[in-house]
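Notes for the one structure printed next.
Each chain gets a letter, A, B and so on, in the order its sequence line appears, and its residues count up from 1. Here the structure is a predicted model, which is why all the values come from computation and not from measurement.
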There are 2 protein chains.
Amino acid sequence: MPATIKDNTKLFKALSDPNRLRILKMLQTKSLCVCEITEVLKLATSTVSKHLSILRYAGFVIEQKEGKWVNYLINPKPPDQRISSVLSTLDFWIADDNSIISDKQKIQNIDRNIVCGR
Amino acid sequence: MPATIKDNTKLFKALSDPNRLRILKMLQTKSLCVCEITEVLKLATSTVSKHLSILRYAGFVIEQKEGKWVNYLINPKPPDQRISSVLSTLDFWIADDNSIISDKQKIQNIDRNIVCGR
DNA sequence: CTTATATTTCGTTTACTAACGAAGTGATAT
DNA sequence: ATATCACTTCGTTAGTAAACGAAATATAAG
């Protein structure tokens with residue numbers, strides 16, 4: 001099966017949004033559910049869900065259902081060598097800008113039972 | 001100087017357009033002027049010029065004036081390690097899809113003195 | 001110096017993407 | 001069963017990006 005134009009751009013499109021980069025860097029620290037990410041990014045739940053579906057479709061993350069929660073995590077078996085390469089050297093590709101540093105601090109003290117459900 | 005959000009996305013945004021990927025892969029073979037690229041991509045000259053300015057701003061290419069022509073080439077001294085990494089393994093990051101294979105054939109037989117000026 | 005050629009910049013239209021809230025789905029808790 | 005919580009999907013709006021042609025700039029040629 002030959003490569004397509006879409007294959008070539010999909011990877012980069014997924015990485016072209018600052019909120020998606022923030023999500024990837026957060027998931028590097030630990031897996032998170034949608035409402036935890038929503039709390040940190042201060043976006044609508046539906047927006048975060050959409051970002052996650054784009055990251056998932058591109059192959060960067062996978063989802064794991066856990067009761068009423070859906071946990072997202074860095075894909076341990078990426079479908080593409082380029083994705084593996086980016087994920088294994090994420091700090092090289094995505095620098096720790098101010099928002100990312102701030103995000104990392106926030107997810108330390110987050111408890112989904114408190115943050116979610118309000 | 002700390003990294004900014006824009007720094008993080010600029011690289012990937014530049015690589016998010018199929019025509020810009022085609023340009024990079026063409027320049028990998030040889031340096032080209034705007035009207036040669038225009039001929040291959042079948043776009044308006046102004047559109048190609050814009051794509052090249054985006055690639056230049058991101059650090060992927062540089063320009064060299066040669067009389068009435070402006071030659072574009074892969075940046076031999078990229079300002080960013082990530083750019084260097086992408087450029088040195090361009091075939092890993094950008095697969096040879098049908099359009100790219102076709103482009104490479106076309107630029108073999110192109111003569112700017114014939115193609116430009118009509 | 002005027003004309004022609006190569007390219008860039010500008011203004012506009014069109015297409016895409018991100019954001020939101022509302023409605024729908026599925027699981028848990030009462 | 002019904003209500004609640006987490007999430008997704010849908011429809012809409014707003015902002016962004018790509019495309020074009022026309023006008024401006026710069027260099028080469030006559």
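For the disulfide (SG to SG under 2.5 Å) condition, no pair includes a residue of residues 42-98 of chain B, sequence neighbours left out. Within the structure, every pair that satisfies the disulfide (SG to SG under 2.5 Å) test and touches residues 23-77 of chain B, not counting sequence neighbours, is listed here: B/Cys35-B/Cys116. Pairs passing the disulfide (SG to SG under 2.5 Å) check and including a residue from residues 43-95 of chain B, sequence neighbours excluded, do not occur.
When rounded to the nearest whole Å, the span between CG of A/Leu55 and P of D/dC7 equals 16 Å. Atom NZ in A/Lys50 sits about 23 Å away from atom P in D/dA6, given to the nearest Å. C/dC16 atom P lies 15 Å from atom CD1 of A/Ile54, rounded to whole Å. Residue B/Leu43 contributes atom CG, which lies 18 Å from atom P of D/dA17 at whole-angstrom precision. Atom CD of A/Glu39 and atom C1' of D/dA6 are 14 Å apart (whole Å). When the P atom of C/dA18 is taken as reference, atom CG of A/Leu52 falls 13 Å away, rounded to whole Å.
In this structure, of C/dT9, C/dA19, D/dA19, it is D/dA19 that holds the atom nearest to the side chain of B/Asn19. The side chain of A/Ser49 lies closest to D/dT9, out of D/dT9, C/dG21, D/dG21. You'll find that the side chain of B/Arg20 is closest to D/dA18, out of D/dA18, D/dC20, C/dA19.
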Under 3.5 Å, sequence neighbours excluded: what are the donor-acceptor pairs made by side chains of residues 72-79 of chain B?
| unit_1 | atom_1 | unit_2 | atom_2 | d |
| --- | --- | --- | --- | --- |
| B/Tyr72 | OH | B/Glu63 | OE1 | 3.1 |
| B/Asn75 | OD1 | B/Lys77 | N | 2.9 |
| B/Asn75 | ND2 | B/Gly59 | O | 3.1 |

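A/Lys13 comes within 4.0 angstrom of sugar-phosphate atoms only, judged by non-hydrogen atoms across all strands, and of no base.
A heavy-atom distance below 4.5 Å is found between the side chains of A/Met26 and A/Leu41. Between B/Asp97 and A/Asp7, the closest side-chain pair of non-hydrogen atoms is not below 4.5 Å. B/Thr45 places none of its side-chain heavy atoms less than 4.5 Å from the side chain of B/Val48.
Applying the 4.0 Å criterion to OP1 and OP2 of C/dT17, one finds that A/His51 has every side-chain N and O outside that range. Neither OP1 nor OP2 of C/dT5 sits under 4.0 Å from any side-chain N or O of B/Asn113. Phosphate proximity of C/dA6 to B/Arg112: absent, as no side-chain N or O sits under 4.0 Å from OP1 or OP2.
Judged by distance alone, the side chains of A/Asn8 and B/Arg22 never bring a donor and an acceptor atom under 3.5 Å apart.
Both A/Thr45 and B/Thr47 sit near DNA chain D, but only A/Thr45 has its closest nucleotide nearer the 5' end.
Proximity of residues 63-73 of chain B to DNA chain D (heavy atom under 4.0 angstrom from any strand atom) is restricted to B/Gly67, B/Lys68. Listed by residue number, there are no residues of residues 31-38 of chain A with a heavy-atom contact under 4.0 Å to DNA chain C.
Between B/Trp93 and A/Trp93, the ring-plane angle classifies as perpendicular under the 30° and 60° cut-offs.
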